[in-house]
Structures are given as structure tokens and as C-alpha cells.
Amino acid sequence: MTSLTEKLSILTGKAFTTCNLPAEYGTVRISDRPDLAQFQCNGAMGAAKAAKKNPREIADNIVRHLKEYGIFSKIEIAGPGFINFDITDDYLTAHLSEIMQNSRLGIEKYAAGETVIVDYVGPNVAKAMHVGHLRPTIIGDCIKRILAFSGYNALGDVHIGDWGLQMGQVISAFAQRHPEWSYFNPNFQGEYPEQPPFNYSELEEIYPQASAACKADPSQLEKAQQATKEFQGGRAGYWALGQQFTTLSKAHIKQNMDSVGVKFEIWKGEADAASLIPVVEKDLREKNIFEESQGALVIPIAKNSDNKEMPPLMYYKSDGATTYGTTDLVTLYDRVESYGAALAKIVYVVDKRQNLHFEQVFRAARKAGYVQEAPELVHIGFGTLNGADGKPFKTREGGIMRFDQLVTMAKDKALQRLEEANLAGDLDDARKQDIAHKVGVAAIKFADLSNQPHVDYIFDMERMVNFEGKTGPYILYQAVRIQSLLRKAEEQNFKISGEAVITISDQDRPLALLLTEMPDAFDAALRHYMPHHLCDYAYRLAAGFSSFYGNCHILSESDEARKASRLALCALTCRQLALVLGWLGIDIPERM
RNA sequence: GCGCCCGUAGCUCAAUUGGAUAGAGCAUCUGACUACGAAUCAGAAGGCUAGGGGUUCGAAUCCCUUCGGGCGCACCA
């Protein structure tokens, strides 16, 4: 169905065409001066500029036509040519009824099932997940959900880092500790052990040591590079060992992702592109786009129009090994081959510092002809998560905070707060834990998504303790209050249907108007991949409800028709909050 | 050196991409629990949008410039 601002834009657009002006000038939006009007159209000024006419005169003509529609309770021209207007309560209630009976609550489908791949998180094998994975997890998941709701077949790919130098580092570290393992015997012909001779905690412990050793000692780095190359070259023992790393790591990653309610449709890694590396190499050789440079095989991608130096994309390093440039290009090739024309977009939710890298990969893919107009390639570069001091977030001791530590901390804070506020006191411990977990995760996700993706932001655990104001828990609290209210209505055998007649008083109108705004927020979030518009709407709606709740009798309303109308507004608010929070990846507990 | 991002209330962030009097939350101050959940609500105060110049009916937003911060510039990912 058509959103309210869109309906109004169409009507106003017609008024412009009637005046021989382009319909685009008729765009209507929610007024930024609610004290003056509900809606505004600024097109008269733009049209006047283009047509070199007087804006007030154009506005006058538009207003004359608008008045004929009979759906406006007030139309005024202000300042240089702003057209301000209110809609009648009848028009508003008719629109609300339409929303209530619409299964998508008024949001249109933008796509018809085209496939979109969202590539996010990219955790490394053998390396415990940490704070750095928080933003891509949350943002990527949200973007995937928005795309899915808008009609795409949205697939999340975790894209595990199981190919680069870190593999060689861990392999060579194990080789030095356990040279007796069959993995390291080049002449070994038998079966490698099915169960790894180490567990995940040993694996994640050995990685930082190996990494530090390589930094400190060039001979260690050399060994790691050699092992990486042989691993990539398919040396059987190394490959078998690598498989063990991946298996253990996937369980660890899955556990962390489960804890924040994030699911992936595709569990591939860089290594899954391995078999295609020679295929793509052959293709690129045939297309003659390789160049040799300082012993490496590269794809030059610089253009004359560049205003900065554009290093080529490296395919083979001078030692014959490959890097993430190779695997990203080959993975892209693989995706295009696998999904064909159905693939509309690939969205990479990766640290903004990788901007140049993706520019290189995208250019190389276009140069190779793997990508023409479609699929659309998007890099959503997110900013750093900083501590209260403005520097990259660390634990109090200055170490890296693990992902699970962070989630547990948020849950503990929520639990503490729950008890302080004396909420959910009658519930058993398991349910309390569950509620605290949901509240904690909501706090983290909402805080993260409230910021624009590309900016660095300050992650202040201490501030999250309060859970007041514009926070996830505040919105959950409002949602829970509505649920409680609706439960009570049900207990009183009060039927709430989508066909309820809405009657609007001055106390109802602000909430009623808010309830028409969701499509605008969704549209803004979808079009620019900016979830903070959804956070903003969720907060405004929750606050609008809270205000309504404070001002109005609902269950205690004696006028039955008014009571039914108000309960219907509550029910719609509840559905909208659930939908928006769902896009944000936030679960609403039944109680809190 | 070249390039990208950023600078908005004491603090953390918005501003529908060029619109009106720049909005929220926190913190501060006032008030409100016999009406459904006070993790709440109603209100007050807080700004030369880093500085300067320009473009136009109109600039936090676009252009130029100065200052300040973050980041990136092939064989790590």
C-alpha cells in the first residue's frame, strides 16, 4: 500500500502538473515545524527558481487546487513559499485503518525476490571473536533483515578468514610444539585423526602467541609465510589441520552469533574459493589483464581520472601465495557464477579502513567483466568502536575484550538493573536470566545502530547501565507495557480487531500521526543502508506511546467507542514496535 | 607527500541530503505515583554548527581556505 506522505505527494504532484510544473515538486514530508502544521511541501520554491517565477504566486495556485481535494483541514503558505497543511481526522483514520489491515503494516515491497548477499563479520579462524566483531555483526544483520523485508532473497555470508597468513602462523606454531603429529610428516600416507589433538581454547591461545612471535622474530614470520604458501598449495597435512581449525572455529563463531540472535544462511570462508583460484587465473590470463610487477602477478586498476594513487590488486604475491585480494575477487566470481542473473547486490559490511581494498576488488571485477551493471557492489564501511577515552575500546586492563565477555557484561548489568528497579521479582531465575539477556543485547544493539555506520562511536558501558532515555531497554519497556495492557484487555474479553473504528481526539492525534510514519523511516534506512533512521523512529514511537499512555485513559476509559479506538491504536503501536525492533535484531521479552 | 572520513549544547548523538526558530538523550533544575508497569511522564535551562571567505530567496549541509582529530596509501587481514 501507499504511505501517507506518498499519497499526499501524489496529490500535490498532480496540483503541480495542473499548473504545468513537474510533479516532483509536489514531494510532501512531515513538517519540521509541528507547531505550524502536520505536513509541508517545499516544491513551490524549487519550481519558482527553475521557472524564474514568484514562489508565493506558484504556491497560491497549488493551494487553490489542493483545497479542491477536501482532505485538508488547514492549508497555509508561509515564509518565501512553504506550503503547510494538516489533514482531516477522517483522512487520517481512513489511512490508519488501511495500515491496520495490511499485513506489512503499510510498507511496500521494493524487490521481487532478487538475491542479495550480505557479507559480514568475517571472523578469523583460530582467533577468538572480540569487540571488533560487534559492529559488523549488528549492522550487517540489520541490513540483511531490512533487505529481506523489502522483498529481496537476502543471504548472509559469514565469510570466515581461513586462508591467509594466520593459517600459516598457527600451523607453524603447532609444528614447532608437536613435530610428531602426522600433519607435519610430509611422507605420511594414512588417515589424519578425525578428532583434532587439541581443543578450541588451545587453538585460540596459540594464535596470539604465534602472531606476536612473527612480529618479534623475522625467522618465525618466514616459517609462517612458508607454511601459508604450502597450505594454500594444498599440502595434505596442513590442509587437514586447517579443516580442524575451521570446524572448531565454526562452533565458536556459531555460539557467539547465537548469543546475539544472528544467523547466517551461508557459512563459507575464503578457502571455499581456493579451487577457483586457478580457474580465475586462467580466465584473467586469457583476457590479458594481468601484469607482472616486482615479481608479483597483479591486476592494474588505476584510471587516468584518479586523483590519487591506485595500487593494483595483487593476485599472486612474489612468493606465489595469495592474499585476501585474491580470495575476495575469486569469491565474487564464484557468487556471480553461482547465482547468475538473480544476483542483484553484494553488500560488504566491513571496517571502513578497507575502503581502498574494496575499491580495488570492485574495479578488478569490472575490468575482468564479472560485474557489469549488475550485481551492484556496495561497501558499507563502519567506524571504530571507541572507549570513553575516545581510543579503541579495550578492557579495563587494556586487553582485547572478547565478544562473549561483552554480551555477558551487558546481561549482568541488565540483571542488576532489573533487581534495583524491583521488576520481574516474582519470576524464577531462568526466566530472569533470559529477560536480562534480551535487555542487555537490546541495549548493545540499539546503541550501536543508533549511530551512523560510518562514524566512529564511543561505547560507554557505564552509560548503558542506566538504560534510560533513548535506549533499547526503554523501547522494550514501552513494548512490554503495551503487551501487558493488551493482555489485560483480553482478560476482560475485550476484542481488538483491525476493523475497529478510530476516533481521534487531541490526545490521540500525535500517536495516530506517528503511526503513519514508519514507511518513511524504513525507506530512509533501506535507501542509504542507515539503520539509525529505524532507531530514531522506534524511539519516537515508544516515547509517543508513553506520552499517550500518561495522558489518556485506555482500559479505564468509560466511553466504549473511545476505549476500542485507543486499544486499537495500542495494538497497532505494538505491532509496529515489534516489526521495527525485529529489523534491528532485537527481541521483545513478554515481561521485564 | 597524496587521498578519504570527521569537527554541532558540559557529555553522547540527530537533522528526511539546500529549507522555516539546528533537534533528542544523559547530566543540571522544577513538578507528577489511589489511571493500565515511575526503567515513566510534564516542564525549564543549555548553540556564532571549529575559524574565515564564497555560491543564493535560503547553508550545519555545496565550493575555497585555515586550524584541530581519526584513518588509508601492493606482497598482514
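Residue numbering restarts at 1 for every chain, and letters A, B, ... go by the order of the sequence lines.
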Thinking salt bridges, do Arg431(A) and Asp434(A) make one under a 4.0 Å N-O criterion? no

Any N/O donor-acceptor pair, Glu420(A) side-chain to A39(B) base, under 3.5 Å: no

I'd like to check the side-chain contact (heavy atoms from CB on, under 4.5 Å) partners of Pro519(A); sequence neighbours left out, ordered by chain and number. Ser3(A), Ile107(A)

His528(A) side chain, from C-beta outward: closest of A35(B), G37(B), U17(B): U17(B)

If we take the P atom in both A39(B) and C73(B), what is their distance in whole Å? 49 Å

Would you say Thr384(A) reaches G70(B)'s phosphate, i.e. side-chain N/O to OP1/OP2 under 4.0 Å? no

Can you check the distance between C6(B) and A44(B), where both ends of the measurement are the C1' atom (answer in whole Å)? 33 Å

Side-chain contact check for Asp456(A): nearest option of G18(B), A20(B), G70(B) is G70(B)

Spacing of the P atoms in A9(B) and G18(B) (rounded, Å): 22 Å

Test for a donor-acceptor pair under 3.5 Å between the base of U40(B) and the side chain of Arg481(A), counting only N and O atoms. no

Please give the nucleotide sitting opposite G23(B) as a Watson-Crick or G-U wobble pair, both distances under 3.5 Å, or none. C13(B)

Please determine, for C4(B), whether a Watson-Crick or G-U wobble partner exists with both distances under 3.5 Å, and give it or none. G70(B)

Do you see a donor-acceptor pair shorter than 3.5 Å between the side chains of Tyr316(A) and Glu292(A)? no

Using the salt bridge (charged side-chain N to carboxylate O under 4.0 Å, His left out) rule, take Arg56(A) and Asp60(A) through it: C-alpha gap first, then chi angles, then the decisive distance, then the call. CA-CA 6 Å; Arg56(A) 299 263 329 185; Asp60(A) 269 331; 5.9 Å; no

Tell me whether Tyr477(A) is stacked on the nucleobase of G37(B), counting only the six-membered base ring and applying the 5.5 Å and 30° thresholds. no

Return the polar atom pairs (N/O with N/O) between nucleotides 73-75 of chain B and the protein under 3.5 Å, or none.
| unit_1 | atom_1 | unit_2 | atom_2 | d |
| --- | --- | --- | --- | --- |
| A74(B) | N6 | Ser293(A) | OG | 3.2 |
| A74(B) | N6 | Gln294(A) | NE2 | 2.6 |
| A74(B) | N1 | Ser293(A) | OG | 2.7 |
| C75(B) | O3' | Lys317(A) | NZ | 3.3 |
| C75(B) | O2' | Lys317(A) | NZ | 3.3 |
| C75(B) | O2 | Ser318(A) | N | 2.5 |
| C75(B) | O2 | Ser318(A) | OG | 2.8 |
| C75(B) | N3 | Ser318(A) | OG | 3.2 |
| C75(B) | N4 | Gln294(A) | O | 3.2 |
| C75(B) | N4 | Gln294(A) | OE1 | 3.1 |

Using the P atom on both, measure C63(B) against G7(B) and round to a whole Å. 14 Å

Using centres under 5.5 Å plus planes under 30 degrees as the test, is His553(A) stacked with A35(B)? yes

Please determine if Glu491(A) and Arg487(A) form a salt bridge, counting it only when a charged side-chain N lies under 4.0 Å from a carboxylate O. no

Could you please spell out the steps behind the salt bridge (charged side-chain N to carboxylate O under 4.0 Å, His left out) verdict for Asp559(A) and Arg562(A)? CA-CA 5 Å; Asp559(A) 180 332; Arg562(A) 177 143 283 160; 5.1 Å; no

Measure from the side-chain N and O atoms of Thr27(A) to the backbone N and O of Glu24(A), and report whether any donor-acceptor pair falls under 3.5 Å. yes

If you go through the side-chain atoms of Tyr324(A), does one of them form a donor-acceptor pair with the base of A77(B) closer than 3.5 Å? yes

Counting only side-chain nitrogens and oxygens, does Lys488(A) get under 4.0 Å of the OP1 or OP2 atom of G37(B)? yes

Say we look at G53(B) and C11(B): how far apart would their C1' atoms be, to the nearest angstrom? 32 Å

Gln452(A) side chain near A14(B) phosphate (N/O to OP1/OP2, under 4.0 Å): yes

Determine the Euclidean distance between corresponding C1' atoms of A50(B) and A24(B); express it in Å to zero decimal places. 23 Å

N/O contacts under 3.5 Å, protein versus nucleotides 4-10 of chain B?
| unit_1 | atom_1 | unit_2 | atom_2 | d |
| --- | --- | --- | --- | --- |
| C6(B) | OP1 | His454(A) | NE2 | 3.3 |

In whole Å, measure the gap between the P atoms of G43(B) and G23(B) for me. 15 Å

Check this for me: does the side-chain of Asp536(A) come within 3.5 Å of the base of A24(B) through a donor and an acceptor? no

Identify which nucleotide among A24(B), A77(B), A39(B) has an atom closest to any side-chain atom of Lys470(A), counting heavy atoms from C-beta outward. A24(B)

Taking the P atom of each, how far is A60(B) from U16(B), in whole Å? 12 Å

State which of G37(B), U40(B), C13(B) makes the closest approach to the side chain of Val480(A). G37(B)

Does a side-chain N or O of Ser546(A) approach OP1 or OP2 of C41(B) to a distance below 4.0 Å, or not? yes

